[in-house]
*Asks:* 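Pasting in a structure now, in structure tokens, and then I'll have a few things to ask.
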Amino acid sequence: MTRHARNCTAGAVYTYHEKKKDAASSGFGTVNRRLGKDSIKSFDCCSLTLQPCRNPVITKEGYLFDKEAILTYIISKKNEYARKMKEFEMQQKADDEETAKAENAEQQKRVEKFINTEKNIVNTPSPSTSTSLSLLASSSSSSSLSDKPSTSGALSNTSLGKRKELPSFWVPSETPSAKITKIEKPDSTVYCPVSGKPLKAKDLIPIKFTLVNDPDDKKSIIIKQNRYMCPITHDILSNSVPCAVLKPTGDVVTIECIEKIIKKDMIHPLTNQKLTEKDIIPLQRGGTGYSTVNENLSAKEERPSLQC
């Protein structure tokens with residue numbers, strides 16, 4: 001072991017370099033790693049299935065989905081909302097019944113109290129009669145106590161009808177520490193799985209990619225590296241090329257084509273239609289399996305921290 005180097009371990013201070021080196025070799029700490037090409041979604045792949053789209057559609061924010069996948073997602077969210085709404089209505093019905101029972105019990109108590117008060121006013125016993133009644137009540141209570149079985153022994157868990165009151169340690173919602181949770185009213189809005197903004201099936205815009213016509217290339221379209229091109233400039237589309245969608249026809253063109261050709265007259269070069277700013281939707285680039293998209297291509301792996 002050298003004396004004057006970063007590998008020196010004779011010092012009294014545990015340096016940052018030593019801590020980082022030990023953390024890397026022992027499996028502790030946070031590891032930063034650059035994402036490879038295999039972790040990046042291609043620009044023409046669905047944001048849900050991560051596979052090339054057969055019927056591509058985009059949202060207003062420019063996120064690409066396969067039509068079948070996004071419609072399945074919307075239907076599943078609506079079914080989930082219907083299930084949660086049914087549970088919420090059942091809870092509301094149970095709460096209403098419980099409130100009605102409490103009101104009926106309170107009303108019954110008032111009636112009984114009123115009847116007992118009226119009986120006491122009408123039939124007031126004399127002192128001698130009350131003394132005899134008290135003696136009779138004491139004798140009857142003593143006899144009833146003598147007739148009761150002894151409770152000194154073990155009490156069964158299912159006796160006295162307490163089977164349903166006792167907690168169950170095998171069901172999480174029935175444990176003694178479990179609290180009754182109230183179901184909140186579900187939100188009927190379906191949100192985009194990527195942007196988190198409200199999503200409707202009628203707002204999905206169908207688009208079309210222009211295939212690269214290369215008679216010498218006999219490969220399948222999925223295997224090809226250069227699959228699509230801009231229909232106006234014939235530039236190859238990829239993750240490194242910013243693209244946009246022309247809403248009236250659904251054509252995918254490059255941003256450079258829009259800036260240099262389309263925005264001069266705001267006319268569609270293929271159909272001569274008049275375009276507006278809302279008709280140009282920027283297509284989101286291919287992202288990764290993480291929350292950020294192309295802004296930070298490094299992944300963090302959280303591991304147990306190394307204690308000094």
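Everything numeric in this text was worked out from a predicted model, so none of it was measured. Atom set for the values below is all heavy atoms of this structure, side chains included, hydrogens, waters and symmetry mates excluded.
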*Asks:* Taking atom NZ of Lys274 as the centre, report whether more than 12 heavy atoms of other residues, nucleotides or ligands fall under 6.0 Å from it.
*Replies:* yes

*Asks:* Show the nearest heavy-atom pair for residues Pro52 and Cys45, with the distance to one decimal.
*Replies:* N-SG, 3.7 Å

*Asks:* Within a radius of less than 6.0 Å around CE of Met90, do more than 12 heavy atoms belonging to other residues, nucleotides or ligands occur?
*Replies:* no

*Asks:* I'd like to know if Glu89 pairs up with Lys93 as an ion pair, taking the criterion as any Lys NZ or Arg NE/NH1/NH2 lying under 4.0 Å from an Asp or Glu carboxylate oxygen.
*Replies:* no

*Asks:* In Å, rounded to the nearest 0.5 Å, how long is the span from SG of Cys46 to CZ of Phe65?
*Replies:*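 Interatomic distance, Cys46 SG to Phe65 CZ, rounded to 0.5 Å: 6.5 Å.
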
*Asks:* Would you mind reporting whether Asn272 and His268 have side-chain heavy atoms less than 4.5 Å apart?
*Replies:*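 They are not in side-chain contact.
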
*Asks:* Considering non-hydrogen atoms only, spot the tightest contact between Ala244 and Ile255 and give its length.
*Replies:* CB-CD1, 3.6 Å

*Asks:* With a sphere of 6.0 Å drawn around CZ of Arg83, does it hold more than 12 non-hydrogen atoms of other residues, nucleotides or ligands?
*Replies:* yes

*Asks:* Is there side-chain contact between Ile261 and Thr233, with at least one heavy-atom pair below 4.5 Å?
*Replies:* yes

*Asks:* How about Phe209 and Pro56: do any of their side-chain heavy atoms sit closer than 4.5 Å?
*Replies:*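 Contact flag for Phe209/Pro56 side chains = yes.
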
*Asks:* Rounded at 0.5 Å granularity, tell me how far OG1 in Thr210 sits from CG in Leu270.
*Replies:* 8.0 Å

*Asks:* Can Glu256 and Lys260 be counted as an ion pair, charged N to O under 4.0 angstrom?
*Replies:*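 Yes, this pair counts.
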
*Asks:* With a 3.5 Å distance limit and no angle check, can you tell me whether Ser76 reaches the backbone of Tyr73 through a side-chain donor-acceptor pair?
*Replies:* yes

*Asks:* Set out, in order, the CA-CA distance, both residues' side-chain angles and the distance that settles side chain to side chain contact (heavy atoms under 4.5 Å, CB included) for Val245 and Lys208, then state yes or no.
*Replies:* CA-CA 9 Å; Val245 177; Lys208 58 182 178 180; over 6 Å; no

*Asks:* Look up atom NZ in Lys84 and atom NZ in Lys185, then write down how far apart they are to the nearest 0.5 Å.
*Replies:*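 It comes to 14.5 Å.
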
*Asks:* How close do Pro193 and Leu48 get, heavy atom to heavy atom, and via which atoms?
*Replies:*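 Closest approach of Pro193 to Leu48, heavy atoms only: CG-CD2, 3.8 Å.
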
*Asks:* For Leu275, does its backbone N or O pair with a side-chain atom of Asp279 as donor and acceptor, under 3.5 Å?
*Replies:* no

*Asks:* Would you mind reporting whether Ile205 and Val57 have side-chain heavy atoms less than 4.5 Å apart?
*Replies:*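 A side-chain contact is absent here, since even the closest heavy-atom pair is not under 4.5 Å.
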
*Asks:* Please report the C-alpha distance between Ile58 and Leu204 in whole Å, then the side-chain angles of each, then the deciding distance to 0.1 Å, and finally whether the side chain to side chain contact (heavy atoms under 4.5 Å, CB included) criterion is met.
*Replies:* CA-CA 6 Å; Ile58 62 168; Leu204 298 174; over 6 Å; no

*Asks:* With side chain to side chain contact (heavy atoms under 4.5 Å, CB included) as the criterion, how do Asp187 and Tyr81 come out once you've worked through the C-alpha distance, each side chain's angles and the decisive distance to 0.1 Å?
*Replies:* CA-CA 7 Å; Asp187 188 4; Tyr81 164 74; over 6 Å; no

*Asks:* Would Phe43 and Asn239 count as a side chain to side chain contact (heavy atoms under 4.5 Å, CB included) if you check the C-alpha gap in whole Å, the side-chain angles of each, and the deciding distance to 0.1 Å?
*Replies:* CA-CA 5 Å; Phe43 74 99; Asn239 279 1; 3.2 Å; yes

*Asks:* Rounded to the nearest 0.5 Å, how far apart are CG of Asp251 and SG of Cys243?
*Replies:* 12.5 Å

*Asks:* Do Lys78 and Val190 make a side-chain contact, defined as non-hydrogen atoms from C-beta onward lying under 4.5 Å apart?
*Replies:*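 Side chain of Lys78 against side chain of Val190, heavy atoms only: contact under 4.5 Å found.
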
*Asks:* Start with the C-alpha distance between Lys77 and Glu80, add both sets of side-chain angles, then the distance that settles salt bridge (Lys or Arg N to Asp or Glu O under 4.0 Å), and finish with yes or no.
*Replies:* CA-CA 5 Å; Lys77 286 298 180 181; Glu80 183 181 356; 3.8 Å; yes

*Asks:* Say you draw a straight line from CD1 of Ile207 to SG of Cys53; how long is it, rounded to the nearest 0.5 Å?
*Replies:* 7.0 Å

*Asks:* Checking the side chain of Asn116 only, and the main-chain atoms of Lys113 only, is there a donor and an acceptor separated by less than 3.5 Å?
*Replies:* no

*Asks:* Establish whether Val252 and Leu64 are linked, either directly or via other cluster members, by ILVMFWY side-chain heavy-atom contacts under 4.5 Å.
*Replies:*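 Per the 4.5 Å side-chain linkage, Val252 and Leu64 are co-clustered.
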
*Asks:* When hydrophobic residues are tied together by side-chain contacts of less than 4.5 Å, even through go-betweens, does Leu199 share a cluster with Val194?
*Replies:*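 Same cluster.
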
*Asks:* Applying a strict under-4.5 Å side-chain criterion to I, L, V, M, F, W and Y, I'd like to know whether Leu283 and Leu246 cluster together.
*Replies:* no

*Asks:* How many angstroms lie between CZ in Arg227 and OG in Ser238, if you round to the nearest 0.5 Å?
*Replies:*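 With rounding to 0.5 Å, CZ (Arg227) is 11.0 Å from OG (Ser238).
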
*Asks:* When hydrophobic residues are tied together by side-chain contacts of less than 4.5 Å, even through go-betweens, does Val253 share a cluster with Ile236?
*Replies:* no

*Asks:* Do Ile267 and Ile262 have side chains that get closer than 4.5 Å, going by heavy atoms?
*Replies:* no

*Asks:* List the atom of Ile281, the atom of Lys278, and the distance in Å for their closest heavy-atom pair.
*Replies:*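 For Ile281 and Lys278, the tightest heavy-atom pair comes out as CG1-O, 4.1 Å.
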
*Asks:* Is the closest basic N to carboxylate O distance between Glu106 and Lys109 below 4.0 Å?
*Replies:*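 No, Glu106 and Lys109 are not salt-bridged.
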
*Asks:* Could you report the tightest heavy-atom contact between Glu61 and Gln284, atom names first, then the distance?
*Replies:* O-NE2, 3.0 Å

*Asks:* Taking side chain as C-beta onward, heavy atoms only, is Arg110 less than 4.5 Å from Phe114?
*Replies:*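 Heavy-atom side-chain distance check fails, nothing below 4.5 Å.
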
*Asks:* If you take all heavy atoms of Gln273 and Pro248, which pair is closest and at what distance?
*Replies:* OE1-CB, 3.1 Å

*Asks:* Please tell me if the side chains of Asp235 and Val241 come closer than 4.5 Å, counting only heavy atoms from C-beta onward.
*Replies:*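 A side-chain contact is absent here, since even the closest heavy-atom pair is not under 4.5 Å.
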
*Asks:* Should Ile232 and Met229 be regarded as members of a common hydrophobic cluster, given that ILVMFWY residues are connected when their side-chain heavy atoms come within less than 4.5 Å of each other, either directly or indirectly?
*Replies:* no

